[in-house]
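Notes to accompany the following structure.
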Amino acid sequence: MPELPEVEVTKRALEKRLLSKKIIKVLIKNDNLRYKVNSRLKNLKGFFIQKIVRRSKFLLLFFNRDFVLLVHLGMTGKFLIKKNNKSLFSRHYHSDTLHSKHNHIEFLFSNKISLIYNDVRRFGFFILENSKNIYNSKFLKNLGPEPFSNKLTVNIVKNKMKKSSRNIKSCLMDQKFIAGIGNIYASEILFKSKIHPTTIAKSISSVKIKKLIKSIKEVLYIAIKDGGSTIRDFMFNEDNKGNFQNKFNVYDRYGLECHICKNKIQKLVINLRSTYFCPKCQRKTN
DNA sequence: CGGGACTCCTGAGGGC
DNA sequence: TGCCCTCAGGAGTCCC
């Protein structure tokens with residue numbers, strides 16, 4: 001599920017409901033996530049959320065007294081919200097999801113809202129840290145520039161690529177390179193940039209890199225506006241589901257017609273991840 | 001060291 | 001139905 005747009009949508013929904021709300025209780029039903037959940041999490045009782053930040057695919061929940069909860073949703077992690085034992089979001093996840101065996105952690109808030117962490121594959125994790133120097137923690141310190149920051153420039157991207165013999169798709173997926181892009185959006189961004197996914201990154205011209213950066217911002221911006229992408233799971237937001245999956249140009253469209261040129265969308269595996277592209281719109285140049 | 005292959009985990013879907 | 005295989009939005013670790 002969660003790449004930058006989905007994490008950003010989650011962040012905004014949490015902000016809307018939980019900012020400045022006090023935690024009454026923390027229930028750890030299953031501590032067996034990617035990293036074992038520290039029982040110190042229960043010490044957040046009585047604390048309130050001051051600020052929520054997204055960095056790459058991480059959520060940072062800042063509490064009073066210098067506590068910060070670092071959350072990563074992994075592959076299938078999501079938050080559910082219920083009020084007075086009822087889901088705030090209609091029928092879609094009523095009985096099934098609110099009582100799922102994949103609900104691992106529950107935070108009860110003073111406004112009678114519960115925040116439930118659900119994660120089928122348990123690749124997500126929660127780390128409680130001191131907020132001082134949090135950006136120097138091992139999870140955050142090596143991340144590349146945020147797609148919407150002005151640190152993402154042609155020069156910085158070209159410099160990073162210069163040393164590498166990798167293909168551009170692998171570079172986009174590398175969080176040290178640019179933060180927040182995952183498997184869906186890497187394919188969509190390369191389509192919009194008209195770059196073939198196996199193109200050797202350092203061979204790409206400055207003009208094309210400029211176009212690539214523009215495409216990164218555009219694709220991610222529209223995806224956030226659409227509430228992210230919902231494929232086989234529903235996504236957490238006010239309307240239950242994201243809509244960007246309806247705007248995919250290439251992802252999960254193997255054998256279907258390209259919206260631009262009508263050629264058939266191709267699929268290939270790069271670093272064990274499915275990669276989709278249009279062979280005509282994204283002609284290989286090296 | 002860079003980077004590709006493998007790994008964690010559960011469930012869905014297809015072929016037989 | 002059931003069994004087996006492959007694949008799924010992420011990323012740390014291992015090994016060449």
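Numbers restart at 1 for each chain; the letters A, B, ... are given by sequence-line order, proteins then strands.
- Within the nucleic acid shown, A/Phe58 has no heavy atom closer than 4.0 Å to any nucleic acid atom.
- For A/Ser165, a side-chain nitrogen or oxygen approaches OP1 or OP2 of B/dG3 to under 4.0 Å.
- The phosphate of C/dA11 has OP1 or OP2 within less than 4.0 Å of a side-chain N or O from A/Gln175.
- OP1 or OP2 of C/dG9 has at least one side-chain nitrogen or oxygen of A/Tyr251 nearer than 4.0 Å.
- Between A/Gln282 and A/Ile195, the closest side-chain pair of non-hydrogen atoms is not below 4.5 Å.
- With both ends at atom P, the span from C/dG9 to B/dG3 equals 22 Å, rounded to whole Å.
- Distances shown here put a side-chain N or O of A/Arg273 below 4.0 Å from the OP1 or OP2 atom of C/dG9.
- Here C/dG9 presents its P atom at 18 Å from NZ of A/Lys241, a figure rounded to the nearest Å.
- Residue A/Lys57 is classed as a sugar-phosphate contact, given heavy-atom separations below 4.0 Å to backbone atoms only.
- Between the CD1 atom of A/Ile200 and the C1' atom of B/dG3 there is a distance of 12 Å, rounded to whole Å.
- For A/Lys45, the NZ atom is loosely surrounded, since the number of other residues' heavy atoms within 6.0 Å does not exceed 12.
- The nearest whole Å value for the distance from the NZ atom in A/Lys176 to the P atom in C/dT13 is 11 Å.
- Phosphate contact (OP1/OP2 of C/dG10, side-chain N/O of A/His72, threshold under 4.0 Å): absent.
- Proximity of a side-chain donor or acceptor of A/Arg40 to a complementary backbone N or O of A/Leu128 within less than 3.5 Å is detected.
- For C/dA11 and B/dG11, the P atoms lie 22 Å apart once the distance is rounded to whole Å.
- With C/dG9, B/dC9, B/dG4 as the choices, the nucleotide that has an atom nearest any side-chain atom of A/Arg122 turns out to be B/dC9.
- Spacing between atom CE of A/Met75 and atom C1' of B/dA12 amounts to 14 Å, rounded to whole angstrom units.
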Quiz item: So what's the dot-bracket for DNA chain B: Watson-Crick or G-U pairs under 3.5 Å, [ ] if a pair crosses, | if it pairs off-strand?
Solution: .|||||||.|||||||

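- In terms of polar N and O atoms assigned as donor or acceptor, the side chain of A/Arg121 comes within less than 3.5 Å of the base of B/dC9 in a complementary pairing.
- Not one side-chain nitrogen or oxygen of A/Lys169 sits closer than 4.0 Å to the OP1 or OP2 atom of B/dG3.
- Between A/Tyr276 atom OH and C/dC7 atom P the separation is 10 Å, expressed in whole Å.
- Rounded to whole Å, the separation between the P atoms of B/dT7 and C/dC5 comes to 16 Å.
- Residues A/Leu14 and A/Phe63 fall within the same hydrophobic cluster, defined by Ile, Leu, Val, Met, Phe, Trp and Tyr side chains chained together at heavy-atom separations under 4.5 Å.
- The shortest distance between the side-chain N/O atoms of A/Ser170 and the OP1/OP2 oxygens of B/dG3 is not below 4.0 Å.
- In this structure, A/Lys21 forms no cation-pi arrangement with A/Phe109, as its terminal cationic atom is not both closer than 6.0 Å to the ring centre and no more than 45° off the ring axis.
- Checking C/dG10, C/dC7, B/dT10 against every side-chain atom of A/Met173, the shortest atom distance belongs to C/dG10.
- Look at A/His102 and you won't find any side-chain N or O under 4.0 angstrom from OP1 or OP2 of B/dC9.
- Cluster annotation: A/Ile52 and A/Phe48 are assigned to distinct hydrophobic clusters (Ile/Leu/Val/Met/Phe/Trp/Tyr, side-chain heavy-atom contacts under 4.5 Å, transitive).
- Rounded to a whole Å, the CG atom of A/Asn142 is 12 Å from the P atom of B/dC1.
- Between the NZ atom in A/Lys202 and the NZ atom in A/Lys162 there is a gap of 11.5 Å [rounded to 0.5 Å].
- Ring-base stacking between A/Phe123 and C/dA11 is not satisfied when judged by a centre separation under 5.5 Å and a plane angle under 30°.
- Counting non-hydrogen atoms of other residues, nucleotides and ligands closer than 6.0 Å to NZ of A/Lys217 gives a total above 12.
- We find that CD1 of A/Ile270 is positioned 15 Å from P of B/dG3, with the value rounded to whole Å.
- Taking the side chain as every heavy atom from C-beta outward, A/Phe62 and A/Ile49 never approach each other to under 4.5 Å.
- Along DNA chain B, the nucleotide closest to A/Ser164 and the one closest to A/Leu272 are compared, and the more 5′ of them pairs with A/Ser164.
- When rounded to the nearest whole Å, the span between OH of A/Tyr185 and C1' of C/dG10 equals 15 Å.
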